[in-house]
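Whatever order the structure lists them in is the order used to number ligands and atoms, beginning at 1. Note that the structure is a prediction, hence the values are computed from the model and not measured.
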Amino acid sequence: MEKVIIRELEESELEEARKVLRLSFRGKELHWALNDLKYTYVLAALLNGRVMGVVELFETFSEELGGVGVIDYIAVSPRYRRRGIASKLITSSEELFKSWSESYVAASTKGSNIASINLFRKLGYKEVRRGEEGFEKLKYLTYAYGDDIIFIKRLRR
Ligand SMILES: CC(C)(COP(=O)(O)OP(=O)(O)OC[C@H]1O[C@@H](n2cnc3c(N)ncnc32)[C@H](O)[C@@H]1OP(=O)(O)O)[C@@H](O)C(=O)NCCC(=O)NCCS
C-alpha cells in the first residue's frame, strides 16, 4: 500500500476534509463534525497527497484525571477503510496529546457503531458504558452527549 502521511490539516485542504466527513456521517453527527472543524485541532491522513482521513481533537481538564485529550470525530473515506488509516490517526493523536502533557486520551461512540467499538478496543482503550459508574462525569467532560460508550486510555504514569 502507498505510504500514508499523518500531519496537521492545512487550510487549503478544508474542503477535502469536509468531503471525508460528508461520506462518513449523517444528520446531527455530520452537522457537528463539520462545525467542529473550526474549533478543533485537525490531523489529516494523506494518501498520494489527498486527504483520506481526518481526526478532530481538543483538550479538556478534570480535577480527577488532569489533562484529557479528546478525540472528537474520526472518519476515513469509505474506499480507504480497513487499511489501518484510523488506527494511524489515533496513534498520532496519542503522541500529540503526550506532547501536550495530557494524562489521558478519551473518545466516544454510539453502542451501534461496531467499527468504532472494535477500533478503540483493538488499540487498548477501556470502555465505560452508559449506566456504568463514571459515565456521566466523562460524558460532560468530553461533550459526548449523544453517545453510549466512552473510551479512555492512560497516556502516562
Ligand atoms: C470507524 C472508522 C473511522 C474506522 O476507520 P478504518 O481506517 O477503517 O479503521 P482501521 O483500518 O484502522 O481499523 C482498525 C480496526 O478497527 C476495527 N474495524 C474497523 N472497521 C470495522 C468494521 N467495518 N467492522 C468491524 N470492525 C472494524 C477492526 O478491528 C480493525 O482491525 P482489522 O482491520 O485488523 O480487523 C471508519 O469506519 C469510519 O470512518 N466510519 C464512519 C465514521 C465513524 O463512525 N467514526 C467513529 C465515530 S466518531
Side-chain angles (χ1 to χ4, degrees), residues 1-9 13-60 68-98 100 102 104-132 134-153 155:
M1 187 182 125
E2 313 85 348
K3 195 170 169 356
V4 176
I5 293 170
I6 311 282
R7 61 152 168 77
E8 189 178 358
L9 184 81
E13 294 160 342
L14 263 173
E15 199 40 50
E16 285 181 53
R18 287 192 195 104
K19 195 174 159 194
V20 173
L21 295 175
R22 283 191 200 105
L23 290 169
S24 302
F25 295 107
R26 272 186 267 160
K28 220 193 260 186
E29 271 196 309
L30 174 60
H31 169 83
W32 288 112
L34 290 171
N35 180 79
D36 289 4
L37 277 175
K38 292 183 273 233
Y39 306 109
T40 51
Y41 186 100
V42 186
L43 284 179
L46 293 110
L47 200 61
N48 298 323
R50 307 283 296 174
V51 177
M52 295 308 168
V54 287
V55 63
E56 301 175 18
L57 310 172
F58 65 89
E59 59 177 343
T60 184
V68 179
V70 180
I71 295 176
D72 187 17
Y73 287 99
I74 181 164
V76 172
S77 193
R79 284 181 57 194
Y80 295 91
R81 288 181 189 163
R82 296 309 282 268
R83 299 184 183 198
I85 295 179
S87 304
K88 282 202 173 85
L89 281 166
I90 294 169
T91 45
S92 298
S93 304
E94 291 171 0
E95 289 310 310
L96 187 72
F97 286 142
K98 278 185 201 164
W100 293 357
E102 311 298 355
Y104 286 88
V105 56
S108 63
T109 198
K110 293 194 166 48
S112 57
N113 194 336
I114 304 300
S116 180
I117 294 169
N118 288 349
L119 170 68
F120 285 101
R121 269 188 193 156
K122 191 173 175 188
L123 295 174
Y125 282 69
K126 178 182 161 226
E127 286 167 49
V128 184
R129 291 182 173 249
R130 184 181 294 281
E132 288 179 359
F135 179 85
E136 291 299 312
K137 263 193 192 168
L138 283 171
K139 179 180 84 177
Y140 290 115
L141 182 69
T142 59
Y143 300 91
Y145 301 117
D147 288 338
D148 316 301
I149 307 175
I150 315 261
F151 297 97
I152 188 149
K153 184 166 161 179
L155 290 174

| task | Mind checking salt bridge (Lys or Arg N to Asp or Glu O under 4.0 Å) for Arg81 and listing every partner two or more places apart, or none if nothing turns up? | result | none
| query | Under 3.5 Å between some N or O of ligand 1 and some N or O of Tyr73? | reply | no
| task | Tell me which part of Lys88 gets within contact of ligand 1: side chain, backbone, both or neither, using heavy atoms under 4.0 Å. | result | neither
| Shortest heavy-atom approach to atom 13 (O) of ligand 1 - which of Asp147, Leu119, Val20 | Leu119
| message | Judged on heavy-atom distance to atom 48 (S) of ligand 1, which of Ile85, Ile74, Leu123 sits nearest? | response | Ile74
| Winner among Gly84, Ser87, Ala107, Ala86 once heavy atoms are compared against atom 6 (P) of ligand 1 | Ala86
| note | Counting heavy atoms under 4.0 Å, the part of Phe25 that contacts ligand 1 is side chain
| field | Identity and distance of the protein heavy atom lying nearest atom 25 (C) of ligand 1 | value | Asn118 ND2, 3.4 Å
| By salt bridge (Lys or Arg N to Asp or Glu O under 4.0 Å), which residues pair with Glu132, not counting sequence neighbours? | none
| task | Could you tell me whether Arg82 approaches ligand 1 through its side chain, its backbone, both or neither, with non-hydrogen atoms closer than 4.0 Å? | result | both
| field | Minimum side-chain heavy-atom gap Leu37-Glu56 below 4.5 Å | value | yes
| said: Can a donor-acceptor pair be found, under 3.5 Å and without considering hydrogens, that links the side chain of Asp36 to the backbone of Tyr39? | reply: no
